[in-house]
Amino acid sequence: MANTETADAPEPSRRDFLYVATGAVAGVGAVLTVWPFVDQMNPDAAALALAQVDVDVSSLEPGMSLTVMWRGKPVFIRHRTGQEIADSAAVPVESLPDPLARNANLPDDAPATDANRGTEGREAWLIQIGICTHLGCVPLGQQGAFGGWFCPCHGSAYDTAGRIRVGPAPENLPIPAYEFISDTQVRIG
Ligand code: FES
């Protein structure tokens, strides 16, 4: 009997990943369920702007990613490796097709340095809206010539900071407003 129990024990990393994914979907589901009632009350813009998603990222080891839905859009959350950060930081901003950070948490004219694509003290985390800035396809993660995201629709390649490097996409992937509300929880929106 003891051997049977051992064999049935869940494999930890797989289970953790599923937990994170399921929890995120459940959170978004709750938001979507409430939405029709809010909509009936004709909320003003300020009320609509409050839509937020809290995500538990505690199970994301470096090199792991998670996609959650926020305001109807996919948001890529990536715990970057040290190599991914170093690769991005080594690129001169002047060489980038889009030199702006496109980070809703920073001024509009903030340059697209690696640091400005994240948030202070959480440099390993990249949180960005997963919609190609060309015509709106959803790029594929950890693919393409720059090790970041690749959009197969027309061949746009983004780097490990989500910045457009080649292809027709005109801008870096946008970074939504977010904040870490604890060491393991990020609030998007
Ligand atoms: Fe991504 Fe065209 S929609 S390259």
Side-chain angles (χ1 to χ4, degrees), residues 13 16-18 20-25 27-28 53 55-106 108 110-120 122-180 186-189:
S13 60
D16 289 348
F17 175 77
L18 292 175
V20 170
T22 304
V25 170
V28 173
V53 176
V55 184
D56 182 349
V57 297
S58 60
S59 296
L60 290 184
E61 300 291 335
M64 294 179 69
S65 302
L66 177 65
T67 300
V68 299
M69 293 300 291
W70 171 70
R71 297 184 186 176
K73 302 171 184 173
V75 174
F76 299 154
I77 301 174
R78 179 155 182 86
H79 193 177
R80 299 187 297 164
T81 65
Q83 187 62 55
E84 287 173 337
I85 298 169
D87 288 348
S88 168
V91 179
V93 171
E94 314 83 68
S95 72
L96 295 169
D98 178 10
L100 297 177
R102 310 286 174 189
N103 184 340
N105 306 284
L106 296 175
D108 289 347
T113 60
D114 182 75
N116 282 347
R117 294 286 295 168
T119 192
E120 193 171 358
R122 309 272 182 185
E123 288 77 9
W125 294 93
L126 179 63
I127 299 172
Q128 56 189 352
I129 296 174
I131 297 178
C132 182
T133 60
H134 182 220
L135 293 176
C137 291
V138 177
L140 305 172
Q142 289 63 68
Q143 296 193 35
F146 301 91
W149 287 262
F150 178 71
C151 181
C153 291
H154 312 94
S156 289
Y158 300 84
D159 66 15
T160 56
R163 301 171 302 191
I164 183 64
R165 298 292 293 275
V166 297
E171 297 181 1
N172 304 323
L173 294 176
I175 295 177
Y178 72 86
E179 64 172 332
F180 278 82
V186 61
R187 175 167 292 164
I188 301 169

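Given the structure is predicted, the values throughout are model-derived calculations rather than measurements.
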Could you report the tightest heavy-atom contact between Glu171 and Tyr158, atom names first, then the distance?
O-CE2, 3.7 Å

Establish, from distance only, whether the side-chain atoms of Arg117 and Gln128 form a donor-acceptor pair under 3.5 Å.
yes

Shortest non-hydrogen pair, Ser156 vs Pro168, comes out as OG-CD, 3.2 Å

One should read off an interatomic distance between Asp87 CG and Thr81 OG1, to the nearest 0.5 angstrom, of 7.5 Å

Rounded to the nearest 0.5 Å, what's the gap from OG1 on Thr160 to CH2 on Trp149? Could you check?
7.5 Å

How long is the span from the CG atom in Leu173 to the CD1 atom in Ile164, to the nearest 0.5 Å?
7.5 Å

Within this structure, what is the CZ-CD distance for the pair Arg78 and Gln142, rounded to the nearest 0.5 Å?
3.5 Å

Would you tell me whether Cys153 and Cys137 have their SG atoms within less than 2.5 Å of each other?
yes

Can you check whether Ile175 reaches Asn105 side chain to side chain, under 4.5 Å on heavy atoms?
yes

Here the pair of heavy atoms bringing Pro111 nearest to Ala101 is O-CB, 3.4 Å

Interatomic spacing from OG1 in Thr119 to CD1 in Ile127 - rounded to 0.5 Å
8.5 Å

Should Ser88 and Arg163 count as side-chain neighbours, where that means a heavy-atom distance under 4.5 Å?
yes

Check the pair Glu84 / Leu126 against side-chain contact (heavy atoms from CB on, under 4.5 Å), numbers first and verdict last.
CA-CA 11 Å; Glu84 287 173 337; Leu126 179 63; over 6 Å; no

Taking side chain as C-beta onward, heavy atoms only, is Arg187 less than 4.5 Å from Val53?
no

By salt bridge (Lys or Arg N to Asp or Glu O under 4.0 Å) - contacts of Asp114 (at least two apart)
Arg80

Please state whether the rings of His134 and His154 are parallel, tilted or perpendicular, taking 30° and 60° as the class boundaries.
perpendicular

Any side-chain heavy atom of Val57 sitting closer than 4.5 Å to one from Trp125?
yes

Would a 4.5 Å heavy-atom cut-off, applied to side chains only, mark Val91 and Arg165 as touching?
yes

Where is the tightest heavy-atom contact between Pro139 and Phe76, given as atom of each residue plus distance?
O-CZ, 3.6 Å

Taking every heavy atom of Phe146 against every heavy atom of Ala157, the minimum-distance pair comes out as CD1-CB, 3.9 Å

So how far is it from Asn172 CG to Asn103 CG, rounded to the nearest 0.5 Å?
10.5 Å

Going by heavy atoms in the side chains, are Pro74 and Met69 under 4.5 Å from each other?
yes

Nearest heavy-atom pair of Ser95 and Pro92: which atoms, and what distance?
OG-O, 2.7 Å

Please list, chain by chain and in numerical order, all residues satisfying side chain to side chain donor-acceptor pair (under 3.5 Å) with Thr113, sequence neighbours excluded.
Asn116

